[in-house]
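In listed order, ligands and their atoms are each counted from 1. Values below: every heavy atom of this structure, side chains too, minus hydrogens, waters and symmetry copies.
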Amino acid sequence: MEKETILGVQVCVTDYPQIKAAIKEDLEAQRKAFLVAINPEKILKARKDEALKNLLNNATYQIADGVGVVYASKLRGGKIRSRVTGIDSMKMLCELSDENGYRIFMYGAKEEILQKAKEKLIETYPNIQIAGTMNGYQKDKQAVVDAINESKADIVLVAMGSPRQENWIVENMNTVCAKVFQGVGGSFDVVSGTIPRAPQWMQKCGLEWLFRLLREPKRIGRQIHLVSFLFLALFSRH
Ligand code: UDP
C-alpha cells in the first residue's frame, strides 16, 4: 500500500474500501496485520521518541485518523485527501466479521462500557461474531492472552488509549493466535453511547477535534500541538 512520510512517520494513502480489501486479503492469507491511528499528537511525540517512531512505522497500516494529518499532507503536496478514522476503521472490521464470519475479540475499556459496546455492535451488525471480551483493567496479562487464544479470534480490537494499546499489540501480536489487531482508543466508549461522537456535519468539516475539545476542555493541552505540528509539517517541506 502506498505510504507518505510526514515528519518521519509513515501514513497510508488509502480510503475505506481499499484498506478493507487489503485486510480481507490479510485474513484470508492468515497474515498478521496491525492498524495504528495516526494523529498530529503521535507524530510530534514520535519526533522525540525513537521507539515510538519505530513502533508506528513498523505497523502494517498507519491510518490518517486526525484531520491535521490530512492538512499536513496537503501542505506538503502529498496525496492524502481524507481521514480514515480509528472508529470507522473499527466499524469496517466489524463489517468484515458480519459479512465473512471473522471472529472479533474486544479488549479494553471498563467492563460495563465494554458489554454495552458489544450489545450495540451486535445490534448494528446482526451476523458479527464476537468471540470474547476482556476489560482493560485485567491485571493478569497471561489471562488476557489465554482468553484471546481460547476464543479463536481472528481480529483483536484493543481499546486502552495510546500508547498503552499499541505497546500491548506489539508485545503480543506474534504470540496471540489472532491475525489482525487495531488500537481503537476510546471507540468502545463512543459505540456504547457513553461518550457522544461529533455530529456528521462537524465530522465532514474536519471539526471533530473542536467537538471533543468543547466536551473535554482539558484536551486543549493535547490539541494546541496541532498548530506547531502544521508549522513543522510545512517548514520541513523546504
Ligand atoms: N483504558 C483501559 N485500561 C487502562 C486505561 C484506559 O481500558 O488501563 C480505556 C479507558 O477505559 C477508555 C480508553 O482506554 O475506554 C481511553 O480512551 P482515550 O479516549 O483516552 O484514548 P485515545 O483515543 O484518546 O487514545
Side-chain angles (χ1 to χ4, degrees), residues 9 11 34-46 49 51-53 55-56 59 61-70 83-94 104-121 130 132-145 147-148 153 156-172 176 181-198 202-203 206-226 229:
V9 173
V11 188
F34 165 24
L35 267 95
V36 68
I38 305 292
N39 56 38
E41 197 189 354
K42 279 187 198 165
I43 294 181
L44 287 177
K45 271 196 199 159
D49 180 343
L52 176 64
K53 185 156 116 183
L55 183 154
L56 299 177
Y61 306 105
Q62 298 83 356
I63 52 173
D65 179 59
V67 71
V69 178
V70 179
R83 298 167 73 199
V84 174
T85 68
I87 189 160
D88 290 321
S89 299
M90 177 181 100
K91 290 179 180 171
M92 174 270 287
L93 294 179
C94 293
I104 294 188
F105 193 99
M106 300 171 71
Y107 173 35
K110 295 186 184 121
E111 186 63 29
E112 202 192 321
I113 290 174
L114 173 65
Q115 295 310 325
K116 266 198 206 148
K118 175 182 163 180
E119 282 166 28
K120 292 278 182 198
L121 290 179
I130 303 289
T133 62
M134 177 70 76
N135 70 60
Y137 299 88
Q138 168 62 264
K139 295 265 178 335
D140 181 349
K141 289 184 175 180
Q142 190 56 42
V144 178
V145 170
I148 296 172
V156 185
L157 305 174
V158 190
M160 297 201 292
S162 287
R164 194 182 283 107
Q165 60 197 20
E166 282 82 16
N167 288 332
W168 184 89
I169 292 173
V170 169
E171 274 167 34
N172 294 282
V176 164
F181 297 79
Q182 186 192 354
V184 298
S187 297
F188 294 172
D189 302 70
V190 176
V191 166
S192 68
T194 314
I195 291 182
R197 192 171 179 197
M202 281 185 117
Q203 290 180 39
L207 290 176
E208 198 156 10
W209 61 272
L210 178 63
F211 180 83
R212 294 186 84 177
L213 178 62
L214 293 173
R215 270 205 78 251
E216 294 173 73
K218 65 177 183 333
R219 280 184 172 263
I220 190 77
R222 294 169 67 168
Q223 293 182 340
I224 207 105
H225 296 303
L226 181 64
F229 167 75

How far is atom 20 (O) of ligand 1 from its nearest protein heavy atom, and which residue and atom name does that atom have?
Gly161 CA, 4.5 Å
Does atom 1 (N) of ligand 1 have a protein non-hydrogen atom under 4.0 Å from it?
yes
Quick one: CZ on Phe188 to CD on Gln115, what's the gap to the nearest 0.5 Å?
10.5 Å
Check whether Glu166 reaches the backbone of Gly183 with its side chain - one donor and one acceptor, N or O, closer than 3.5 Å.
no
Tell me every residue that passes side chain to side chain contact (heavy atoms under 4.5 Å, CB included) with Gln165, counting only those two or more places apart in sequence or in another chain.
Val158, Met160, Ser162
Parallel, tilted or perpendicular, judged at 30° and 60°: which one describes the rings of Trp168 and Tyr107?
perpendicular
Which protein heavy atom lies closest to atom 24 (O) of ligand 1, and at what distance to 0.1 Å?
Arg222 NH2, 3.2 Å
Working to the nearest 0.5 Å, report the span between CG of Leu55 and CG of Asn167.
6.0 Å
Sidechain-backbone polar pair: Gln138 side chain, Ala143 backbone, donor-acceptor under 3.5 Å
no
Name the closest protein heavy atom to atom 15 (O) of ligand 1, giving the residue it belongs to and the distance to 0.1 Å.
Asp189 OD1, 2.5 Å
So salt bridge (charged side-chain N to carboxylate O under 4.0 Å, His left out) across residues 188-197, not counting sequence neighbours, yields Asp88-Arg197, Arg197-Glu208
Tell me: protein heavy atom nearest atom 11 (O) of ligand 1, and distance?
Tyr137 OH, 2.8 Å
Run the numbers for me: atoms of ligand 1, each under 4.0 Å from some heavy atom of Gly185, listed by number.
13 (C), 17 (O), 21 (O), 23 (O)
Option of least heavy-atom distance to atom 25 (O) of ligand 1 (set: Ala37, Ser162, Ala109, Gly136):
Ser162
If we only count heavy atoms from C-beta on, is the Val176 to Phe181 side-chain gap below 4.5 Å?
yes
Ranking Gln165, Arg164, Glu216 by closest non-hydrogen atom to atom 8 (O) of ligand 1, top hit is Arg164
Give me the residue, atom name and distance of the protein heavy atom closest to atom 18 (P) of ligand 1.
Gly186 N, 4.0 Å
Which atoms from ligand 1 have a heavy atom of Gly108 less than 4.0 Å away?
7 (O)
Just heavy atoms, cut-off under 4.0 Å: does Ala159 contact ligand 1 by side chain, backbone, both, or neither?
backbone
